[in-house]
Amino acid sequence: MWTKTLLIRLTLRLREEDSFSSCSQETITMDPSDHKHFTVVDYVVFAILLAASMGIGLYYALSGGRQRTTQEFLMADRNMHCLPVSLSLIASFQSAVAIIGVPAEIYTHGTQYWFIGCAYFLGLLIPAQVYIPVFYRLRLFSTYQYLEMRFSKAVRICGTLTFICQMVIYMGVCVYTPAFALNAVTGFELWGTVLATGLVCTLYTTMGGLKAVIWTDVFQTLVMFAGQLAVIVVGVQKSGGVSEVWRKVWEGNRISGLDLNPDPTERHTFWTLGVGGIFLMLSLYGVNQTQVQRYLSSRTEKEAVRSCYMVFPSLQLALALSCVMGLVMFACYCGEDHSDKLGSHSTDAMVLYFVMDMLQGLPGLPGLFVACLFSAALSTISSAFNSLATVTMEDLIKPHFPAMTEARAILLSKALAMSYGLLCLAMAYLTHLMGDSVLQVALKIFGMVGGPILGVFSLGMFFPWANSTGALAGLGAGLSVALWVGIGSIFTRSPGTRPPPPNCRVDLLSDNLTAVIQTAISSNLSRPTGLKRFYSLSYMWYSAFNCFTVIVIGLIISFLTGPMKEEDVTPGTVFPLMGKLLCFLPEHLKKKLCCVTPLGQTPQVFWVGSTSVAHLEMGKCGPSARCPRRRVGVKRGQTCPASEMCKSWGETDPQRRSGSVTQPQRLWVFRGSGKTQQGPIKKTVPVVTARRVQKDRKRKQFERQTETKLEEQGNM
Ligand SMILES: CC(C)(CO)[C@@H](O)C(=O)NCCC(=O)O
Ligand code: NA
């Protein structure tokens, strides 16, 4: 295999000669000791970013419901549109790590990483079609509530703790990256920057709740794109235009073809990126609380699904921008080693060096790029803080203190956001000690800790036989194997010397050839075997591998300890995957094979006046409603036994039971399957303002229908 590549490269080499990059000769005029690229304009641009973010936080702290309910603070009143939600979804996992790490990856290893874009198709389609409908219809507060409904409290707590670990470690990398890069290049105080980032972020997250987090995300995502675009435009211009950049990256062999090598230890191939990447995407966009919280804050399920689809183009754009930036950097810097000027061997730091090099002398642009880095970081950190506060509150604290007042709960949520902020600063220090490429560190964390979490959710959602013991054992096994491989990989990593900076032309130095052949031969000879081979599994497979470990162990233990029956599983928690895949089979066969119970329908939200409530209490179903409890033979608009209605609805709204409702009320009514989820319908959301009522034409029409129908029924 390698000999073939070598031959091709050799031919390339022999064909070409001469020339050095013109770009680098022109532009590297920077004095290595000169670390100050910031003019007053730059500081102003950067200050505007921070001020605007704080402003948005303040706005939501003082407007609307003033963040006095957890429903508003953590769920944005479940009233968001898809556009802000989708921009906020990309912002969650697109941090300074990607802005700096992806160009560094492309610069050193070529465009192979770009194939991760292929994983976005299924990686977003599956969440939209499978995970979002399940979570949304259960009307959860936190994803981990799902684990309790499907399995047990213990699974929920273990899931929550795993998630907290994942996010806190990831936060460390996120806080550290921009601070580290800035320090290396502009001489910004490292720990001062880390502290400032943490502080600003904690403040606006704490003040403005999820609404502020989502709207600052929108603003920050736009700043992020603008900063990257600025670097690319200026960089291309300085290196002599698009065709010149293309010529250089082509000659430098940076454009990678589709690598179909099936070897799972190969770091980046189409299979590791395009297929392993799907599982990475599922763990991030399907079951990660940060994202699920955004889906749940959407006003309807359709809107949530739409926002997930809308992530696709923006994520492709983000990926393309950072890859192109890496290529432009190559066109300018190939064959040069700037590590002595930087005092650091990290390619990550070199990316920032390149940016500042390009943008110097253009007042405002260095400021814009630093704003871009911080936007990316802040949007990720704020989302993570908010989600951490949510799970700690909903999954760890509230279940043990059910009588806590709302005011107390909100105070505690804020205190939590604050203390997680401090914890992340500590984690930033840990990253500082690790010294790997930041992109790889972040993606490894997602795979090692996120993979097992994805496994538990998938086990519950697709396999009705899985029981609580199986889930716990599976999660434990998944995490252990993940740690084993992850830590093993650190220790078996070949200590080898740092690779030289990539050459402009693969043919430039003929004496390099011997070196290349030698490395190729030695790497071929020292091909890892046995356990070492297991340790050298590509980190892009971590998510998939760990997810499957959880599922396999989970199923084995479940079958050993007594599998669950489909009837015993909480309705709406199992996705009828087999039923959908085997739709061509006759009904009785499908029933035998399990997994045919459809998901519950989205609760139909409608408003009823006091009259209709009275009627409902007397035992009339709403026009499009079925009995909330399964009743055989009850059809649309028919009367169902009063005892059933009052029992189930009385439980959900004590106010209505006492008959004191005078204003329109919102009710959740389930249509379709006839099964109701008792669990999640804990709260009815009271009182809509008169203006909103007028605005919503459809609802009014529905109300009118309700009234006439009920009058008719009353007259009968
Ligand atoms: C999560 C993906 C892979 C999604 O494209 C990408 O945004 C990425 O590589 N992120 C790295 C982690 C970060 O930017 O914080
Ligand atoms: Na971000």
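Order of listing sets the numbers, starting from 1, for every ligand and every atom in it. Along the sequence shown, the residues carry numbers beginning at 1.
Listed by number with element, the atoms of ligand 1 under 4.0 angstrom from any heavy atom of L284 are 1 (C). Residue Y170 approaches ligand 1 through these ligand atoms, each under 4.0 Å from one of its heavy atoms: 12 (C), 13 (C), 15 (O). Remark: ligand 1 atoms within the under-4.0 Å shell around heavy atoms of Y113 are 9 (O). Ligand-side atoms of ligand 1 in range of Y120: 4 (C), 5 (O), range being under 4.0 angstrom from any heavy atom.
Under 3.5 Å, the side chains of Q289 and T143 contain a donor-acceptor pair of N or O atoms. A donor-acceptor contact closer than 3.5 angstrom is absent between the side chains of E266 and T272. Under 3.5 Å, the side chains of T265 and S536 contain no donor-acceptor pair of N or O atoms. Checked by atom type, the side-chain pair R306/S298 shows no donor-acceptor distance below 3.5 Å. W215 and Y59 share no donor-acceptor pair across their side chains, judged by distance under 3.5 Å alone. At a cut-off of 3.5 Å, with distance as the only test, a side-chain donor of R267 or Q440 sits close to an acceptor on the other residue.
Here's the thing with F93: one of its N/O atoms is less than 3.5 angstrom from an N/O atom of ligand 1. Distances between N or O atoms of A98 and those of ligand 1 include at least one value under 3.5 Å.
Residue Y285 does not touch ligand 1, judged by heavy-atom distances below 4.0 Å.
Residues Y542 and S489 form a side-chain contact, since some pair of their non-hydrogen atoms from C-beta on lies under 4.5 Å apart. At least one side-chain heavy atom of L282 sits under 4.5 Å from a side-chain heavy atom of Y131. With a 4.5 Å cut-off on side-chain heavy atoms, I214 and S297 count as touching.
Remark: minimum distance from atom 3 (C) of ligand 1 to any protein heavy atom is reached at I116 CD1, 3.9 Å. Of the protein's non-hydrogen atoms, the one nearest atom 6 (C) of ligand 1 is Q94 OE1, 3.6 Å.
When the options T177, I381, L439, T380 are ranked by their closest heavy atom to atom 11 (C) of ligand 1, first place goes to L439. Taking only non-hydrogen atoms, the option from A376, S95, A91 nearest to atom 13 (C) of ligand 1 is S95.
Around the Na ion (ligand 2), the protein N, O or S atoms closer than 3.0 Å are A91 O, Q94 O, A376 O, S379 OG, T380 OG1, listed by chain and residue number.
None of T290, T216, D217 except one satisfies the side-chain hydrogen bond (donor to acceptor under 3.5 Å, both in side chains) rule with S88; the exception is D217.
Among residues two or more places apart in sequence or in another chain, the ring-ring contact (aromatic ring centres under 6.0 Å, His included) test is passed with Y539 by H268.
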